[in-house]
Undergrad: 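Next up is a structure, given as structure tokens.
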Amino acid sequence: MVDMSKVKLRIENIVASVDLFAQLDLEKVLDICPNSKYNPEEFPGIICRFDDPKVALLIFSSGKLVVTGAKSVQDIERAVAKLVQKLKGIGVKFKRAPQIDIQNMVFSGDIGREFNLDNVALTLPNCEYEPEQFPGVIYRVKEPRAVILLFSSGKIVCSGAKSEADAWEAVRKLLRELEKYGLMEEEEEEL
Amino acid sequence: RLRKWQSRLRVSDAAERNLAFALSELDRITAQLKLPKHVEEEAARLYREAVRKGLIRGRSIESVIAACVYAACRLLKVPRTLDEISDIARVEKKEIGRSYRFIARNLNLTPKKLFVKPTDYVNKFADELGLSEKVRRRAIEILEEAYRRGLTSGKSPAGLVAAALYIASLLEGEKRTQREVAEVARVTEVTVRNRYKELVEKLGIKVPIT
DNA sequence: GCTTTAAAAAGTAAAAT
DNA sequence: ATTTTACTTTAAAAAGC
């Protein structure tokens, strides 16, 4: 059994796509978004930031959104509700309730022990390690689909998961592989 | 019927033209870097394999060729930095790095096959710095001890080798400046200084006052 | 493929002091 | 020479080039 007792995961960012089911006139939307940026030449959506909840929204004329920077699904729901209220204020009509899809969750975490990444890279199948270009080992988990960056400190970053449960499952699979190849015991000597 | 035939001819024409361009690009790079023939042949083999597996899609021929050269150097243990290659390739380093990791993943070039011993970099940099065998041995001892002490994981191999050579040059009385060592290793002086500080501190090395 | 957005890890680079 | 700021890697969506 894989010992996950020392493993920690902390949510750092959630990305969601949203459909408001309404057409938007971006020029009018600009008025209700204080700190926003809109340059259709470089990007087709309005870039808008909320302080509470602290998120960034990309607003498109199709009525679809991308919400990023959230630390919880509730943050996203609150941000969408907040935007919907503002839009109602300028007369936008919605055909139905907004649909929110969590697309990506990013976690930072800790496995609780240090690693010799050269050993990991030489032993763990299907991983990448190019210290000249990036200090961490890149490990791709097929199911659930996620990518884990493993650093020598034992700290990790897990991205691509669509739920917290998936992220934990992906990390569990990495640990199972590390154990399978004897990379979890070799009590790295001294210090 | 004739149309299909012509389109096939056109396709193979384009494929041939692309291959010819890729191989001329490869020739230009290997000639300028004075790389041995077997490296050029290996790079060409990797490139054909990449084309066969359709790995070029969405990537420029230049970046893939440069990536193949770098991969061939790593496979054949001919130490060369990615910077040296990106200097003459007309693609930015970041793009070459991406193509390199992509073909490595898809051609089963594992970290093990691509691993180049720090010793090989020590000799390459020492050659360019005109350092003696004694300094090289000393640098390698420092690197081995650093590895045992877990001071190398995640760090730039070039930066570590540069710092080890800098320290060894001081210890053996053949001093080279941080600037000179940084230049051949293609890292900044700040990186050499950071690695130098950590190695001297954690390995308890007493360097002569300069 | 690219463009834009957010966030962490740890390392290196570039720029500022 | 040291500090600050910025960029490298991972993931994913949006509309359009």
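Each chain gets a letter, A, B and so on, in the order its sequence line appears, and its residues count up from 1.
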Undergrad: In Å, rounded to the nearest 0.5 Å, how long is the span from NZ of B:K155 to CG of B:N194?
TA: 10.0 Å
Undergrad: B:R136 side chain to B:L131 main-chain N or O, any donor-acceptor pair under 3.5 Å?
TA: yes
Undergrad: Tell me which nucleotide among D:dT9, C:dA13, C:dT12 gets nearest to the side chain of A:I138.
TA: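 Shortest atom-to-atom distance from the side chain points to D:dT9.
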Undergrad: Nearest whole Å is fine: how far is C:dA10 C1' from A:Y129 OH?
TA: 11 Å
Undergrad: Closest to the A:V157 side chain: C:dG11, C:dA9, D:dT9?
TA: C:dA9
Undergrad: For A:K180, look at atom NZ and say whether over 12 heavy atoms of other residues, nucleotides or ligands are found less than 6.0 Å away.
TA: no
Undergrad: Do any of residues 96-106 of chain A sit with a heavy atom less than 4.0 Å from DNA chain C, and if so which?
TA: A:V106
Undergrad: Send over the distance from B:K155 NZ to C:dA10 C1', rounded to a whole Å.
TA: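 Whole-Å distance recorded here is 9 Å.
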Undergrad: Can you confirm whether the side chains of A:Q133 and B:Y100 place a donor and an acceptor under 3.5 Å from each other?
TA: no
Undergrad: How many Å lie between CZ on A:R145 and P on D:dT10, as a whole number?
TA: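 Going from CZ in A:R145 over to P in D:dT10 covers 13 Å.
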Undergrad: Below 4.0 angstrom from OP1 or OP2 of C:dA7, is there any side-chain N or O of A:S108?
TA: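 No, outside the criterion.
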Undergrad: Looking at the side chain of A:F60, which of D:dA13, D:dT9, D:dA15 is the nearest nucleotide?
TA: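 Between D:dA13, D:dT9, D:dA15, the one nearest the side chain of A:F60 would be D:dA15.
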Undergrad: Given the ring of B:F21, does B:R17 sit roughly above its face, with NZ or CZ under 6.0 Å from the centre of the six-membered ring and within 45° of the axis?
TA: no
Undergrad: Please state how far atom CD1 in A:I46 lies from atom P in C:dT5, giving the value in whole angstrom units.
TA: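 Taking atom P of C:dT5 as the reference, CD1 of A:I46 is at 14 Å.
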Undergrad: Which part of the nucleic acid, if any, lies within reach of B:K197 when heavy atoms closer than 4.0 Å are counted: base, sugar-phosphate only, or nothing?
TA: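 Sugar-phosphate only.
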Undergrad: Which value, in whole Å, describes the distance between the P atoms of nucleotides D:dC7 and C:dT3?
TA: 13 Å
Undergrad: Between C:dA9 and D:dA1, how many Å separate the two P atoms, rounded to a whole number?
TA: 30 Å
Undergrad: So, is A:K37 near the phosphate of C:dT5, with a side-chain N or O under 4.0 Å from OP1 or OP2?
TA: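 Yes, because at least one side-chain N or O of A:K37 sits under 4.0 Å from OP1 or OP2 of C:dT5.
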Undergrad: Look up atom CD1 in A:I32 and atom NZ in A:K86, then write down how far apart they are to the nearest 0.5 Å.
TA: 6.5 Å
Undergrad: Could you check which of D:dA13, D:dT8, C:dA8 has an atom nearest any side-chain atom of B:K94?
TA: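 Looking only at heavy atoms from C-beta outward on B:K94, the closest nucleotide is D:dT8.
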Undergrad: Which listed nucleotide (C:dA10, C:dA13, C:dT12) is nearest to the side chain of B:S156?
TA: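 For the B:S156 side chain, the nearest candidate turns out to be C:dT12.
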Undergrad: Under 4.0 Å, counting only non-hydrogen atoms across every strand here, what does A:V15 touch: a base, just sugar-phosphate, or nothing?
TA: base
Undergrad: Taking atom P in both C:dT4 and D:dA6, what distance in whole Å separates the two?
TA: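 So the two P atoms sit 16 Å from each other.
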Undergrad: Which part of the nucleic acid does B:R193 contact within heavy-atom distance under 4.0 Å: base, sugar-phosphate only, or nothing?
TA: base
Undergrad: Taking the minimum atom-to-atom distance to the side chain of A:S62, which one of D:dT9, D:dA11, D:dA14 wins?
TA: D:dA14
Undergrad: Roughly how many Å is it from CZ in A:R140 to C1' in D:dT10, rounded to a whole number?
TA: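 Atom-to-atom, A:R140 to D:dT10, this comes out as 7 Å.
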Undergrad: Determine whether the side chains of B:E172 and B:S132 contain a donor N or O and an acceptor N or O closer than 3.5 Å.
TA: no
Undergrad: Just checking, is any N or O donor in the side chain of B:S99 or B:S63 under 3.5 Å from an acceptor N or O on the other one?
TA: yes
Undergrad: Report which part of the nucleic acid A:V18 touches: base, sugar-phosphate, or nothing (heavy-atom distance under 4.0 Å, all strands).
TA: nothing
Undergrad: Atom CD of B:E189 and atom C1' of C:dA16: how far apart are they, to the nearest Å?
TA: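 The distance from CD of B:E189 to C1' of C:dA16 comes to 16 Å, rounded to the nearest Å.
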Undergrad: Identify the heavy atoms of A:A170 and A:V141 that sit nearest to each other, and give their distance.
TA: O-CG2, 3.9 Å
Undergrad: Across all strands shown, which nucleotide pairs with D:dA15 by Watson-Crick or G-U wobble geometry, both distances under 3.5 Å?
TA: C:dT3
Undergrad: Measure CZ/A:F43 against P/D:dG16 and give the value in whole Å, please.
TA: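 A:F43 atom CZ is separated from D:dG16 atom P by 11 Å.
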Undergrad: Nearest nucleotide by nearest heavy atom, which residue falls closer to the 5' end of DNA chain D, A:A146 or A:Q133?
TA: A:Q133
Undergrad: Can you tell me the pairing partner of D:dC7 across any strand shown, Watson-Crick or G-U wobble, with both distances under 3.5 angstrom?
TA: C:dG11
Undergrad: Taking only the C1' atom of each, what is the distance from D:dT3 to C:dA7 in whole angstrom?
TA: 24 Å
Undergrad: Counting side-chain heavy atoms from CB outward, which of C:dC2, C:dT5, C:dT12 is closest to B:R98?
TA: C:dC2
Undergrad: Let me spell it out: for each of A:N13 and A:P131, pick the nucleotide of DNA chain C with the closest heavy atom. Which residue's pick is nearer the 5' end?
TA: A:N13
Undergrad: Return yes if a side-chain donor-acceptor contact under 3.5 Å exists between A:D118 and A:Y129, otherwise no.
TA: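 There is no such pair between these side chains.
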Undergrad: Contact class for B:G154 (heavy atom, under 4.0 Å): base, sugar-phosphate, or nothing?
TA: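 Sugar-phosphate, backbone atoms only, no base.
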Undergrad: In whole angstrom, give me the gap between the P atoms of C:dG1 and D:dT9.
TA: 14 Å
Undergrad: Counting side-chain heavy atoms from CB outward, which of C:dA13, C:dA10, D:dA15 is closest to A:F134?
TA: C:dA10
Undergrad: Nearest of D:dA11, C:dA7, C:dA13 to any side-chain atom of A:K71?
TA: C:dA7
Undergrad: Given D:dT8, is OP1 or OP2 found less than 4.0 Å from the side-chain N or O atoms of B:K93?
TA: no
Undergrad: Rounded to whole Å, how long is the line connecting atom CD1 of A:I156 with atom C1' of D:dT9?
TA: 15 Å
Undergrad: I want to confirm an ordering. Mapping B:N194 and A:L149 to their closest nucleotides on DNA chain C, which one lands closer to the 5' end?
TA: A:L149
Undergrad: Counting heavy atoms from C-beta on, name the nucleotide in C:dA8, D:dA11, C:dT5 closest to the side chain of A:S159.
TA: D:dA11
